Amino acid sequence: MSGGGCSIVWFRRDLRLDDNPALTAGMRAGAVVALFIWAPEEEGQYQPGRVSRWWLKQSLAHLDSSLRSLGTPLITKRSADSVSSLLGVVKATGATQLLFNHLYDPLSLIRDHRAKEVLTAQGIAVRSFNADLLYEPWEVNDAHGQAFTTFSSFWERCLNMPYDPEAPLLPPKRIIAGDVSKCPSDTLVFEDESEKASNALLARAWSPGWSNADKALTAFINGPLIEYSKNRRKADSATTSFLSPHLHFGELSVKKVFHLVRIKQVLWANEGNKAGEESVNLFLKSIGLREYSRYISFNHPYSHERPLLGHLKFFPWVVNEGYFKAWRQGRTGYPLVDAGMRELWATGWLHDRIRVVVSSFFVKVLQLPWRWGMKYFWDTLLDADLESDALGWQYISGTLPDGREFDRINNPQFEGYKFDPNGEYVRRWLPELSRLPTEWIHHPWNAPESVLQAAGIELGYNYPFPIVGLDAAKARLEEALLQMWQQEAASRAAIENGTEEGLGDSSESAPIAFPPDIQMEEGHDPVRNNPLSVAQSYEDQMVPSITSQVRVEDEEASSDLRNSTGDSRAEVPMNVNLQQNARGTLNQGPNEGTLQVVYRNTRIQNGASELRNAAEESTAESSSSSSRRDGGVVPVWSPPASSYSDQFVGDENGIGASSSFLQTHRQSHQLLNWRGLPQTNS
DNA sequence: TAGGTTTTGCT
DNA sequence: GCAAAACCT
């Protein structure tokens, strides 16, 4: 199918050779040029942090050597604009086809859409695939064809889909190299001199690269998995899977993970091994959360910037850089929190439980804006993953319909004795407390003077007093929530009176800026300060380019999303350019097979229904055909037409639409309970 | 001891 | 907000 030219396989966060549908498609079509483009400026405020870049560097080296052993190098390009680099590579290699696997963060949705548009206009065939998820976000819908808004219902559906996730593909045995003689690689720089020393330590603990990932997976599944449930409460146990950085860069295929874990699940179920079954369910759930993070990101592309429940917009965050600094440095006076933050700083790693502890402390006790914390995680975690981190912080912040209650404060002292009963974790990361007896290790401020003295601790000198007392925090939180509800009610009233629909309060909906010391990693380039400006001229909607079926469960062309009140969700601005849309989609023309349009993400009020219907007809057609689910759709979401903050208007009230927090809650929970929500899928 | 009350875990 | 677990009495 290749014509004469070769295919470019554009690697991004799918740095593996096995179960890589873009690569497989490229091989089948003939000669392949494997390409990686390093364009960090495109990531706006979210350029990868030091440890993340270290990982990427190793992983790419690994991928390159694997590819070479199969017959072709990995071409690397340094770029400020991926799309023009793609065009350059097309020219230099005479490629006629571009293949890549989907990503779901907002910047990628835009960029990939643009890539598809631009290259298609140049006569290049562009095909894209699902390599990152069990199911594409638009495949997972409720009975009305709408997106789920709670994790449990989403995951339940995933586990009970009428068809299984695709079986993982094998790695190629050899690859026919495209002509890259006129397409030299750029040297990519991922670390500066000052970072090298710290990075050297990472290599002792981690082995990036897809075949190492594969070994790690096998080892985990045959080892710690069975104890996963039992051990999940320990702060420093070696019982987490440690697969997350591998997963972030796509060194591991989630479908493969799922597949292998399911085999164990069946095995242990047959043996009646309850602990094993529970472990599997729990582990799969964490895979499910990762899926859900993409799902949320696709359906609510602003989820890394804005709370999904609108009322949180009115929360009076404490904008206190001193608190923020104390938290980052592990000097809050709460040993478990501080130990976690020091571990994160030192290693780029944090056990999931401790992530919850430190982030909930951040939001509830310090009441700092959650996006600061999220950004810090992004900068420091080895497995930094924007979608997962956004989901995690939204959960902690109580901004998800099924998140935790906002007004409950966890007590780090109690959590300390729960997750670190013997104080070993604290002693490892807080040497200044290492001589304190376990009895006091999680609350040194209560320890008698003599005990402190014997342990060599002088509070306020070599270890701080608690930065905020829990009682004070509780009082301040209640006060803040009161304020939030009042403002929310006032705003709702204003909207109902029609006095203020729209732009009035853009200052409130605009996110609080990052503090300067975090901001310094960004900003030379104007594009970075407004990550979406890059794409502002591309206003059209999804650009599905080709074939492939996406199964749509719902029979009726149930049109709009959740609520019919006039609001719209953030990712779906009203000012969609349908002309472009039509051109982008329907004229894609005679690629193989059917044309697929996916509209989950779209909320087009007028004029789009024909499009949608066309889409669904073609879906109906294609879903009856074979099991070919390659090819695919580039999920794209349209950027705001004008300014950044305009975008916030549309999604004013987040998932809950214009209903109040309580109503939203009640609804979602009723829905949940109604269905009797089976605990597991046993 | 059964019964009520409080705490915990949810993504 | 709910269910299950833990904790009282």
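So that the names make sense, note that chain A is the first sequence line, chain B the second, and so on, each numbered from 1. Everything quoted here is computed from the prediction, not taken from an experiment.
- In this structure, the CG atom of A:Leu282 is 13 Å from the P atom of B:dG9, given to the nearest Å.
- A distance cut-off of 5.5 Å between ring centres, combined with a plane angle under 30°, places A:Tyr395 in a stacking arrangement with the base of B:dT11.
- Rounded to whole Å, the distance from CG on A:Leu391 to P on B:dC10 is 14 Å.
- The only option from A:Tyr334, A:Tyr417, A:Phe414 that meets the side chain to side chain contact (heavy atoms under 4.5 Å, CB included) definition with A:His443 turns out to be A:Tyr417.
- Between A:Trp372 and A:Trp317, a ring centre-to-centre spacing not shorter than 6.0 Å is recorded.
- Closest contact between the side chain of A:Arg353 and the listed nucleotides B:dC10, B:dT11, B:dT8 involves B:dC10.
- More than 12 heavy atoms of other residues, nucleotides or ligands lie within 6.0 Å of CH2 in A:Trp445, so this atom counts as buried by the packing criterion.
- The distance between atom CD of A:Glu278 and atom C1' of C:dA4, rounded to the nearest whole Å, is 13 Å.
- In this structure, A:Asn410 atom CG and B:dT8 atom P are separated by 9 Å, rounded to whole Å.
- Computed from coordinates, the A:Phe414 CZ to C:dC7 P distance equals 12 Å when rounded to whole Å.
- The CD atom of A:Gln394 sits 15 Å away from the P atom of B:dT11 (whole-angstrom rounding).
- Whole-Å rounding puts the A:Trp370 CH2 to B:dT11 P distance at 18 Å.
- In this structure, A:Lys364 places its NZ atom 13 Å from C1' of B:dT8, rounding to the nearest Å.
- Between B:dG9 and A:Lys418, a contact under 4.0 Å exists linking OP1 or OP2 to a side-chain N or O.
- Below 30°, between 30° and 60°, or above 60°: for A:Phe362 and A:Phe324 the angle between ring planes is above 60°, a perpendicular geometry.
- Nucleic acid contact for A:Asp352: base, since at least one base atom lies under 4.0 Å from a heavy atom of the residue.
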